[in-house]
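Lettering of chains follows the sequences in order, A, B, ..., and the numbering in each one begins at 1.
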Amino acid sequence: MRRLIRHNGDPMADPIVTVAELLLPAFAAVGGEGADPVVRPSDRADAQANGALAIAKRLGQNPRQVAEAVLAVAKPMLDTICSNVEIAGPGFLNLTFADHFLAEQLGLAAADEHLGVRLAPVTKRVVIDYSAPNVAKEMHVGHLRTTVIGDALVRLMTYVGHTVIRENHIGDWGTPFGMLIEHLVDLGETEAADGLSLGDLDGFYREARAKFDADPVMQDRARHRVVLLQSGDPETMRLWHLLVEQSTKHFNAVYAKLGVLLTDDDIAGESMYNALLPEVIERLQTAGLLVESDGADVVFPPGFTNREGDPLPLIAQKRGGGFNYSTSDLACVIDRVERVHGDLLLYVVGAPQAQHFAMVFKVAEMAGWLHPPTEAVHVMFGSVLGPNRKMLKSRSGEPLKFIELIDEAVVRAAASVAEKNPHLSADEQAEIAIVIGIGAVKYADLSTDRIKDYIFDWDRMLAFDGNTAPYLQYAHARICSIFRRAEIDRASVRNDAVVLGEPQERALAKRLLAFDSAVWDTIDKYSPHRLCTYLFDLAQDFTAFYEHCPVLKAADDATKQSRLVLCDTTARVLAQGLDLLGIVAPERM
RNA sequence: GCCCUUGUAGCUCAGCUGGAUAGAGCACCGGACUUCUAAUCCGACGGUCGCAGGUUCGAAUCCUGCCGGGGGCGCCA
């Protein structure tokens, strides 16, 4: 990958970052080592450095004088990239970038395959746990957020150079499998396999559950079958595998439709950790953490209490010797640290499990399995709500199936495409409808702060105005249209000179250069909505530019070439940004 | 009861490692298509940032308390 380098040897970056680095020595000279310039985008100028106020407070000095002292040191450097620098208010340093600097920086970004986004200074092995559907159950809306957010994080981490290990922690183990396997036996393998391959996983599960609930004989058989499963009985394993196989076919069909990166190679189901579970107990025992309580073997991590205010245990081994999901998640930590050698473990799991993971991570730390710099993070998220602010359900009251969700999105998008752009061929319309429909669903999910619940609203997510995928995709398609119409090769303009005249050109250039910060901000907080907000701002800046600055009919050739660079770079940032979210940007729509 | 999380414009949401007048979008109102896709743009309207204290030169942002929403709190995952 070709990377462009700034004069100082560092890769290029957002000008805000560049100027912050530039100011660092001046602030250190006045405020002492490590004094933060606190550079932020400003509506009074291009950037403002607020660091003088903090220094003044710490040293008990007049903030304006501190700002002046900083400026005295930094002025020669700033003059190379700023057209105006002034001290304002109580001691803000307001910085206006010189047009030639922005133009030059944009030229570098345009020529850069990585669009000016810095690579990670240290490459980590990032293990990302996401999606995690259950075997013998259909994927439903409850898997939407983990799948979409997790996949975006995979793409983001990969983009900045980290090594990413995807793990799909499917629910393929545990007591329900006794019942499911017995039901399979009752139906006969061939018939059961046929039924399952039709995709009626939920029907199969429902029948098994009904039989189990009604019939004590079935309960006995199921219990016995669980024992066989736990002990690795070959015939039982073969039947179990049949269930897993049919289910993963279904998962893969969903992932393929959605454009999710997960494959069979990423499956790291609960069953995988089964062999490790006794070792977890042994190691907890050795570490002296295991306590017997009510017949179960538990660990009491400090800081957790129950209803009565008593210490809350993490149950490692149930009364009677069985294991549970805590045991499994502890094994999982061990595996990801010691076998996979992950430096950063991300768990993209819903917010209700916050306490569970806090306890698991705590116990893993106490046992010495998890220690800095290795870090485990529960990337939690809120629920998807229906218009009534309750959990989203289908008409029948069941959780909305994933396949139905996708299909409806595509049908709705197809209606819009047919209405707005009827002259496209049927094939092309169908293709675009898929990209728009699925993009809309994903974007709606990613564009709000993941920690909060959000209301699932078809009309809003498929609207062409506002912070939606179609709006961004449309901006991208319009740019492609310019090049198509003029028969200009996109790549051919990437080394052309940039000239910034109109305010819309300048605003667009500044925004394009902020892609770097947007990507990193998103990664630092594991919050894809930050990238969404950026892309929406970019699309708005672009359409403003598009309305005010004719490209192909620009006044002179230099302006036209420069605007083509702006257009091409915008399209690339939009397409790349959407791709990082797992969304496709079509060339026409 | 304890813990976690959340409360910003009529609606849906940004902003929350404290910074100068709180931002979008939708809806509503007024403009702009013989002009690179009007699936768009420009403008106007609209908020005691749940309430009350505190810290600070400065608080939507940090701290405390209260009120409201959601979730969790021993052998399901």
**Q.** side chain to side chain donor-acceptor pair (under 3.5 Å) partner of R530(A), chosen from D449(A), T522(A), D521(A)
**A.**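 In the set D449(A), T522(A), D521(A), the residue that makes a side chain to side chain donor-acceptor pair (under 3.5 Å) with R530(A) is D521(A).
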Which nucleotide, if any, forms a Watson-Crick or G-U wobble pair with [N], using both distances under 3.5 Å?
N	result
rC2(B)	rG72(B)
rC45(B)	none
rG65(B)	rC51(B)
rA20(B)	none

Could you check whether the side chain of [X] and the base of [N] have a donor-acceptor pair of N or O atoms closer than 3.5 Å, going by distance alone?
X	N	answer
Q48(A)	rA20(B)	yes
N94(A)	rA20(B)	yes
Y325(A)	rA77(B)	yes
S383(A)	rG70(B)	no

Given [options], which nucleotide is nearest the side-chain atoms of [X]?
X	options	result
F464(A)	rG74(B), rA39(B), rU37(B)	rA39(B)
N50(A)	rU5(B), rA77(B), rG19(B)	rG19(B)
Y474(A)	rC13(B), rA20(B), rU40(B)	rU40(B)
I315(A)	rC75(B), rA14(B), rU12(B)	rC75(B)
E547(A)	rC41(B), rA39(B), rU37(B)	rC41(B)
K57(A)	rG58(B), rG72(B), rA77(B)	rG58(B)
D465(A)	rA39(B), rU37(B), rG74(B)	rA39(B)
T305(A)	rC2(B), rC13(B), rA77(B)	rC2(B)

When all nucleic acid strands are considered with a 4.0 Å heavy-atom cut-off, which category describes [X]: base, sugar-phosphate, or nothing?
X	result
P352(A)	sugar-phosphate
K553(A)	sugar-phosphate
D449(A)	sugar-phosphate
L312(A)	sugar-phosphate
V38(A)	nothing
F483(A)	nothing
A56(A)	nothing
A486(A)	nothing

N/O (side chain, [X]) to phosphate O (OP1/OP2, [N]) under 4.0 Å:
X	N	value
Y454(A)	rG70(B)	no
S416(A)	rA39(B)	no
R588(A)	rA39(B)	no
H529(A)	rG15(B)	yes
R319(A)	rG74(B)	no
K452(A)	rA14(B)	yes
R530(A)	rA14(B)	no

Q: Decide whether a cation-pi geometry holds between R44(A) and F92(A); the criteria are a distance under 6.0 Å from NZ or CZ to the six-membered ring centre and an angle within 45° of the ring axis.
A: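 No; the conditions do not both hold, so R44(A) does not lie above the ring face of F92(A).
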Q) Taking the six-membered ring of Y347(A), is NZ or CZ of R336(A) closer than 6.0 Å to its centre and within 45° of its axis? A) yes
Whole-Å [atom1] distance, [N] and [M]:
N	M	atom1	result
rG30(B)	rC45(B)	P	15 Å
rU64(B)	rC41(B)	P	43 Å
rA60(B)	rG54(B)	P	15 Å
rU56(B)	rU61(B)	C1'	13 Å
rG58(B)	rG19(B)	C1'	7 Å
rG53(B)	rG10(B)	P	23 Å
rG31(B)	rA44(B)	P	15 Å
rG47(B)	rG15(B)	C1'	14 Å

(Q) How about CD on E365(A), more than 12 heavy atoms from neighbouring residues, nucleotides or ligands closer than 6.0 Å, or not? (A)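 Enclosed: over 12 neighbouring heavy atoms sit under 6.0 Å from CD of E365(A).
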Q. Does a sphere of radius 6.0 Å around CD in Q540(A) hold more than 12 heavy atoms from other residues, nucleotides or ligands, not counting ones at 6.0 Å or beyond?
A.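 Enclosed.
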Q: Please say which of R223(A), Q219(A), M218(A) ends up in a side-chain contact (heavy atoms from CB on, under 4.5 Å) with E182(A).
A: M218(A)
Nearest-angstrom distance from the residue atom [atom1] of [X] to [atom2] of [N]:
X	N	atom1	atom2	answer
I455(A)	rG69(B)	CD1	C1'	12 Å
H476(A)	rC36(B)	NE2	P	20 Å
I451(A)	rC4(B)	CD1	C1'	9 Å
H169(A)	rA77(B)	NE2	C1'	9 Å
Q540(A)	rC26(B)	CD	P	9 Å

Q.
My understanding is that only one of D46(A), D14(A), D537(A) makes a salt bridge (Lys or Arg N to Asp or Glu O under 4.0 Å) with K510(A); could you say which?
A. D46(A)
Q. Would you say R563(A)'s side chain and P550(A)'s backbone share a donor-acceptor pair under 3.5 angstrom?
A.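 The answer is yes, because a donor-acceptor pair under 3.5 Å joins these two groups.
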**Q.** Assigned glycosidic conformation for rC49(B) [threshold 90° from 0]
**A.** anti
Q) Could you go step by step and tell me if L531(A) and F515(A) meet the side-chain contact (heavy atoms from CB on, under 4.5 Å) rule? A) CA-CA 9 Å; L531(A) 181 56; F515(A) 184 46; 4.0 Å; yes
